[in-house]
Amino acid sequence: MSRIETLAPRRVHDFQSGYGDMLQLIERLHRLLLDVVKDEFERLGLLEINAVQGLLLHNVGDHEVTAGELKSRGYYQGSNVSYNLKKLVELGYMHHEKCQIDRRAVRVRLTEKGRGVRDAVAALFAGQAASAKETGVLDDAMLIGVTDTLRRTERFWGDQIRYIY
């Protein structure tokens with residue numbers, strides 16, 4: 001059996017168990033993403049930051065943001081983002097300065113060193129995207145379908161938090 005055939009959808013006999021399978025897959029994919037980034041950092045000899053911090057640098061990109069903005073965009077949890085931003089500032093990957101409007105808030109942006117990590121993560125993801133398309137793991141239609149499904153799930157979960165509790 002080829003690799004592509006093993007990726008064929010399984011029949012869901014019971015919706016609840018299929019939903020549980022989906023939840024476990026989302027968790028495993030997140031952990032695998034972190035492992036992929038960690039392995040790339042090891043190949044590059046970049047050992048002073050972890051994969052979560054690397055993804056944070058990638059997600060900040062060329063923007064200047066506050067920790068609150070990162071949380072509100074849904075990228076990170078409260079203490080997680082605060083700790084990681086502090087470490088990245090200490091290690092020279094980010095600049096920070098007090099916000100002119102709200103002196104309690106701190107705005108952060110990448111340093112040259114941080115942009116180097118951001119570029120390395122972007123190159124990793126670009127190579128993976130090309131490889132996934134080339135090998136048939138994903139095509140344009142599948143990518144659109146998966147992304148739409150995940151966005152609907154994100155909205156559903158967000159609504160659960162906002163309106164049910």
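- Counting only distance, with no hydrogens or angles, the side chain of E69 and the backbone of T66 share a donor-acceptor pair below 3.5 Å.
- By the 6.0 Å contact criterion, NZ on K86 is open, its count of non-hydrogen atoms from other residues, nucleotides or ligands being 12 or less.
- Within the 4.5 Å cutoff, no side-chain heavy atoms of L85 are placed close to those of H96.
- Between D62 and R115, none of the side-chain N atoms (NZ, or NE/NH1/NH2) sits under 4.0 Å from a carboxylate O, so this pair counts as no salt bridge.
- Taking the side chain as every heavy atom from C-beta outward, L57 and M94 approach each other to under 4.5 Å.
- Of all the heavy atoms in L44 and A120, the pair that sits closest is CD1-CB, 3.8 Å.
- Distance CZ/F15 to CG/D21: 11.5 Å, rounded to 0.5 Å.
- Using a 4.5 Å heavy-atom threshold, the side chains of R31 and L34 count as separate.
- At a threshold of 4.5 Å between non-hydrogen side-chain atoms, the residues Q53 and Y93 do not count as touching.
- L150 and I144 fall into different hydrophobic clusters, defined by Ile, Leu, Val, Met, Phe, Trp and Tyr side-chain heavy atoms under 4.5 Å apart, directly or through other members.
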Take E40 and L46 through the side-chain contact (heavy atoms from CB on, under 4.5 Å) test and state the conclusion after the steps. CA-CA 8 Å; E40 182 67 7; L46 182 59; over 6 Å; no
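- From D119, atom CG reaches atom NE2 of H58 across 9.0 Å, with rounding to the nearest 0.5 Å.
- Considering NE2 of H30 and CG of L55, their distance stands at 7.5 Å, rounded to 0.5 Å.
- Taking every heavy atom of both residues into account, R107 and E64 meet most closely at NH2-O, 2.6 Å.
- Nearest heavy-atom pair across H95 and L110 is CD2-O, 4.1 Å.
- L47 approaches F41 most closely through the heavy-atom pair CD2-O, 4.5 Å.
- D35 has no carboxylate O lying under 4.0 Å from a charged side-chain N of K38, or vice versa, which leaves the two without a salt bridge.
- Under the 4.5 Å side-chain criterion, counting only non-hydrogen atoms from C-beta, V137 is not in contact with M142.
- Here the side chains of T153 and M22 are in contact, with some heavy-atom distance below 4.5 Å.
- One finds no salt bridge joining E154 and R151 here, because no Lys/Arg side-chain nitrogen approaches an Asp/Glu carboxylate oxygen to under 4.0 Å.
- Between L33 and L29 the shortest side-chain heavy-atom distance does not fall below 4.5 Å.
- Without hydrogens or angle criteria, S131 side chain to G127 main chain gives no donor-acceptor distance under 3.5 Å.
- Taking CD1 from I49 and NZ from K113, the interatomic distance works out to 8.5 Å, rounded to the nearest 0.5 Å.
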